[in-house]
Amino acid sequence: MISYFQIALAIVTIASINASKCPDITTQRSDFVKNKYDPALLTGLWYEHMYIDIAQLGASCERLNATYDATTGVITSDFEVKYGEIPFAITEVYTPPKNDSMKGVYLKTVKEPGSKFLQIPTVVSDVQFLSGSESSSYDTVILTSCVEKLGEAIHELVFATRKKNESTTLLNQMENTAKGLGIEWKTLKQVDWTKKVCEKL
């Protein structure tokens with residue numbers, strides 16, 4: 001059986017023909033992330049609302065459930081989607097670079113055979129506490145990724161919050177934050193949480 005990873009790798013290789021060069025995504029981090037980011041506060045369940053990710057073609061009900069290893073600094077995220085009525089899950093691993101003090105900078109892989117061939121530089125571009133004061137976990141997160149294949153680039157972008165039903169106002173604010181950090185895109189895919197298949201999640 002062809003795995004999710006093999007499909008993603010094939011799509012990345014083909015799509016890279018028409019892509020552009022990766023920017024320095026480490027510059028696409030907010031001042032808060034650069035100075036105060038705490039990876040432990042990413043733990044828990046997240047609901048995607050907008051994204052760019054060619055590997056999610058045909059998916060719906062995208063969720064992430066993150067855990068953090070304080071010893072290694074690694075974040076492990078169980079990524080769950082549905083293809084029609086069929087659930088699918090994969091584990092993403094975010095590893096911080098060794099001997100690098102930059103906050104929110106990772107190399108993303110997946111727990112799949114051959115994953116070493118698709119290592120994706122990723123940054124936490126922004127996180128927010130919606131209450132206005134620091135709490136036990138972040139309420140919003142923007143993740144930015146870019147990997148070069150065949151000398152060209154594939155971009156990924158994720159906007160996620162703790163709520164399945166999120167306000168348009170907040171999502172617009174997150175888009176504006178991303179644009180202010182220099183993140184560019186043509187079209188964002190919207191997650192439709194009103195779908196019947198997503199009701200019980």
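Just so you know, these numbers come straight off a predicted model, no measurement behind them.
Between the side chain of S60 and the main chain of K82, a donor-acceptor pair closer than 3.5 Å is present. Using a distance-only test at 3.5 Å, with no hydrogens or angles considered, no donor-acceptor pair links the side chain of K34 to the main chain of G104. Side chain of E148 to backbone of C22: a donor-acceptor contact under 3.5 angstrom is found. K164 places a side-chain N or O within 3.5 Å of a backbone atom of L201 that can act as its donor or acceptor partner. Side chain of T122 to main chain of I120: a donor-acceptor pair is present (N/O by atom type, distance under 3.5 Å, no hydrogens or angles). The backbone N or O of D38 lies less than 3.5 Å from a partner atom in the side chain of Y138, making a donor-acceptor pair. A side-chain donor-acceptor contact under 3.5 Å links D139 to the backbone of L130.
Looking at every heavy atom in both residues, C198 comes nearest to W193 through CB-CE3, 3.7 Å. The minimum heavy-atom distance between R29 and V124, with the atom names listed, is CG-O, 3.5 Å. Minimum heavy-atom separation, P23 to C146: CD-SG, 4.1 Å. The nearest pair of heavy atoms linking L181 to S125 is CD1-O, 3.4 Å. Nearest heavy-atom pair, Q190 versus M50, reported as atom, atom and distance to 0.1 Å: OE1-CG, 3.4 Å.
Residue V105 shares its hydrophobic cluster (ILVMFWY side chains chained together at separations under 4.5 Å) with I25, M102, V123. Cluster partners of V93, by chain and number: V74. The rule joins Ile, Leu, Val, Met, Phe, Trp and Tyr whenever side-chain heavy atoms lie under 4.5 Å apart.
Linking ILVMFWY residues whenever their side-chain heavy atoms come closer than 4.5 Å, directly or via other members, leaves V191 and V197 in distinct clusters. L107 and V110 fall into different hydrophobic clusters, where Ile, Leu, Val, Met, Phe, Trp and Tyr residues are linked whenever their side-chain heavy atoms come under 4.5 Å apart, directly or through other members. L41 is connected to Y68 through a chain of hydrophobic side-chain contacts under 4.5 Å among Ile, Leu, Val, Met, Phe, Trp and Tyr, so both are in one cluster.
A salt bridge links E156 with K108: the closest approach of a Lys/Arg side-chain nitrogen to an acidic carboxylate oxygen falls below 4.0 angstrom.
In the model, T161 has a side-chain atom that pairs as donor or acceptor with a side-chain atom of E166 under 3.5 Å. A donor-acceptor contact closer than 3.5 angstrom links the side chains of T91 and D78. Of the N and O atoms on the side chains of T67 and T43, not one donor lies less than 3.5 Å from an acceptor on the other residue.
The local environment of NZ in K163 is sparse, with at most 12 non-hydrogen atoms from other residues, nucleotides or ligands closer than 6.0 Å. Shown here is K36, whose NZ atom has no more than 12 heavy atoms of other residues, nucleotides or ligands within 6.0 Å.
Using a 4.5 Å heavy-atom cutoff, the side chains of M174 and T140 are in contact. Residues E48 and L64 are in side-chain contact: their nearest non-hydrogen atoms beyond the backbone lie under 4.5 Å apart. Using a 4.5 Å heavy-atom threshold, the side chains of S145 and L157 count as separate. With contacts defined as side-chain heavy-atom distances shorter than 4.5 Å, the pair L45/R63 qualifies. Residues I52 and L188 have side chains in contact (heavy-atom distance under 4.5 Å, counting atoms from C-beta outward).
For the pair R162 and W46, the distance from NZ or CZ to the six-membered ring centre is under 6.0 Å and the angle to the ring normal is within 45 degrees.
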